> 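Sharing a structure below in structure tokens format, with a few things to ask.
When reading the values below, keep in mind they use all heavy atoms of this one structure, side chains included, and skip hydrogens, waters and symmetry mates. For clarity, every value in this text was computed on a predicted model and none was experimentally measured. Counting starts at 1 for both ligands and their atoms, in listed order.
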Amino acid sequence: MIRIAIQAKGRLNEESIELLAEAGISVDESKRKLLARSGDFPIEVLYLRDDDIPQAVAMGVADIGIVGLNEVEEKQFPVEVIHKLGFGKCRISLAVPKAVEYTSPQWFDGKRVATSYPRILAKYFEENSIRAEIHEIAGSVEIAPSVGMADAIFDIVSSGGTLVTNGLKEVEKVFFSEAVLIATPGMPAEKQQVIDQLLFRFEAVERSRGMKYVLMNLPREVLDEAVKILPGMKSPTILPLAQEGWCSLHVVINENELWHKIERLKAIGAEDILVLSLEKMIL
Ligand code: ATP
Ligand code: MG
């Protein structure tokens, strides 16, 4: 049995639960208790505040956890980052009031900066030989300059909308974060085996993200041309149709090149094109 810590509520909660569900591990939301759908997955879910996840994993209260890399970096507990999960992307940036004429990080010399990430900020200032005052505050960091608590802030940014509403502008992007899977260092072999199994499932789910399964009918004589339009595919599946001179082509295509490729395939005579979503890709 392994135990995984995930965020109880907040920005990472939903996608963490979804990832587990896609890996065949469903969580009973009403009871907040785990039910392994496949019956063969020995895992228990522990719901925590994201701030507490690195420590819980470092102490072995949970064997693994899903948390933002920003929290891992800030808390400095001894945990291993074993996998990047590709969601919860954001950055931690320095922002100053809009009116400031900002030219370089040296502007921060002698300034007061409000943040919930003092360690990450201190490291950045040290690396850039900046002597600034760091004011740690737990929340509502973005209002600190307007109420006179600070000259600037160091805070999480995703779209930048919150900064603009508070009369601030982003001037230095310091730390890039996404959700990661962390583990207690030095896991016993039998737990490691379960974790490897879980990672295998996560990878199958991730691989299928953004991929589509496409089927189409094609006149046989344009088959070579069609295969050229779809490079990167090891070898598309080709099936004969009952109708003489026609075949059916099946390929997996990345979503962002889907329309472009379909238009070209249509132009050379592809018909009856079906696009299906993919759930998992196991190589
Ligand atoms: P908790 O109650 O668990 O302490 P929280 O309020 O500290 O939650 P959330 O706002 O739910 O945290 O954010 C959790 C994580 O989501 C962040 O640590 C960060 O890794 C990630 N994240 C992604 N985009 C954003 C964003 N725009 N603002 C804040 N966090 C973001
Ligand atoms: Mg938190």
> Using a 4.0 Å heavy-atom cut-off, say whether K89 meets ligand 1 through its side chain, its backbone, both or neither.
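K89 to ligand 1: backbone contact only, side chain stays beyond 4.0 Å.
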> I need the atoms of ligand 1 closer than 4.0 Å to a non-hydrogen atom of G68, numbered in the order shown.
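In order of numbering, the contacting atoms are 20 (O).
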> Does any non-hydrogen side-chain atom of E22 lie less than 4.5 Å from one of F202?
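Not in contact.
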> For a side chain to side chain contact (heavy atoms under 4.5 Å, CB included) with K191, tell me which candidate from I64, D196, D63 qualifies.
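Filter result, single survivor: D63.
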> Of the backbone atoms (N, CA, C, O) and the side-chain heavy atoms from C-beta on, which set of Q7 has a member under 4.0 Å from an atom of ligand 1: side chain, backbone, both, or neither?
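Q7 to ligand 1: side-chain contact only, backbone stays beyond 4.0 Å.
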> Could you list which atoms of ligand 1 come closer than 4.0 Å to a heavy atom of G10?
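The atoms of ligand 1 under 4.0 Å from a heavy atom of G10 are 11 (O).
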> Does D109 pair with R131 as a salt bridge, N-O distance under 4.0 Å?
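Not counted as a salt bridge, because no side-chain N and carboxylate O are separated by less than 4.0 Å.
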> Taking the six-membered ring for Trp and the single ring otherwise, decide whether the centroids of Y102 and F108 are under 6.0 Å apart.
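They qualify: ring centres under 6.0 Å apart.
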> List the closest protein heavy-atom neighbour of atom 25 (C) of ligand 1: residue, atom name, distance to the nearest 0.1 Å.
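Checked against all protein heavy atoms, atom 25 (C) of ligand 1 sits closest to R11 CD, 3.4 Å.
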> For Y117, which of E71, E136, E73, E74 qualifies under side-chain hydrogen bond (donor to acceptor under 3.5 Å, both in side chains)?
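The residue from E71, E136, E73, E74 that satisfies side-chain hydrogen bond (donor to acceptor under 3.5 Å, both in side chains) with Y117 turns out to be E71.
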> Suppose I only count heavy atoms of D51 and a 4.0 Å limit; which atoms of ligand 1 are within that range?
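Those of ligand 1 that fall under 4.0 Å from D51 are 4 (O), 7 (O).
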> Rounded to 10°, how many degrees is the angle OD1/D51-the Mg ion (ligand 2)-OD1/D50?
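Here the angle at the metal atom is close to 80°, to 10°.
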> Can you find a protein heavy atom under 4.0 Å from atom 6 (O) of ligand 1?
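No.
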> To the nearest 0.1 Å, how far is atom 24 (N) of ligand 1 from its closest protein heavy atom, and which atom is that?
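For atom 24 (N) of ligand 1, the nearest protein heavy atom is C90 CB, 3.5 Å.
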> Tell me which one of V171, I130, V96, L94 satisfies side chain to side chain contact (heavy atoms under 4.5 Å, CB included) with W107.
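Exactly one pass, corresponding to V96.
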> Measuring from non-hydrogen atoms of K9 to any atom of ligand 1, is the shortest distance under 4.0 Å?
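Yes, K9 has heavy atoms under 4.0 Å from ligand 1.
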> With heavy-atom distances below 4.0 Å as the criterion, list the atoms of ligand 1 near L12.
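Once the distances to L12 are compared, the set is 15 (C), 16 (O).
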> Quick one: nearest non-hydrogen protein atom to atom 2 (O) of ligand 1, plus distance?
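Nearest protein contact, heavy atoms only, for atom 2 (O) of ligand 1 is R49 NE, 3.2 Å.
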> Do the side chain of T184 and the main chain of V57 share a donor and acceptor less than 3.5 angstrom apart?
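Such a contact is found between T184 side chain and V57 backbone.
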> Tell me: protein heavy atom nearest atom 27 (N) of ligand 1, and distance?
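Of every protein heavy atom, S158 OG, 2.7 Å lies nearest to atom 27 (N) of ligand 1.
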> Are T162 and N166 close enough that some pair of their side-chain heavy atoms sits under 4.5 Å apart?
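Contact flag for T162/N166 side chains = yes.
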> Among protein heavy atoms, which lies nearest atom 17 (C) of ligand 1, and at what distance?
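So the nearest neighbour among protein heavy atoms is N70 ND2, 3.7 Å.
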> Side chain, backbone, both or neither: which applies to I156 and ligand 1 if a contact is any heavy-atom pair less than 4.0 Å apart?
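Side chain only; the backbone of I156 stays clear of ligand 1.
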> Just to confirm my output: which protein heavy-atom neighbour is closest to atom 14 (C) of ligand 1, and how far is it?
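Scanning the protein heavy atoms, the shortest distance from atom 14 (C) of ligand 1 goes to D50 OD2, 3.4 Å.
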> Which heavy-atom pair separates L12 from G88 by the least distance, and what is that distance?
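Distance-wise, the nearest heavy atoms are CD2-CA, 3.9 Å.
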> Looking at Q76, I want to see if its CD is surrounded by more than 12 non-hydrogen atoms of other residues, nucleotides or ligands under 6.0 Å.
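Yes, the 6.0 Å shell around CD holds more than 12 heavy atoms from other groups.
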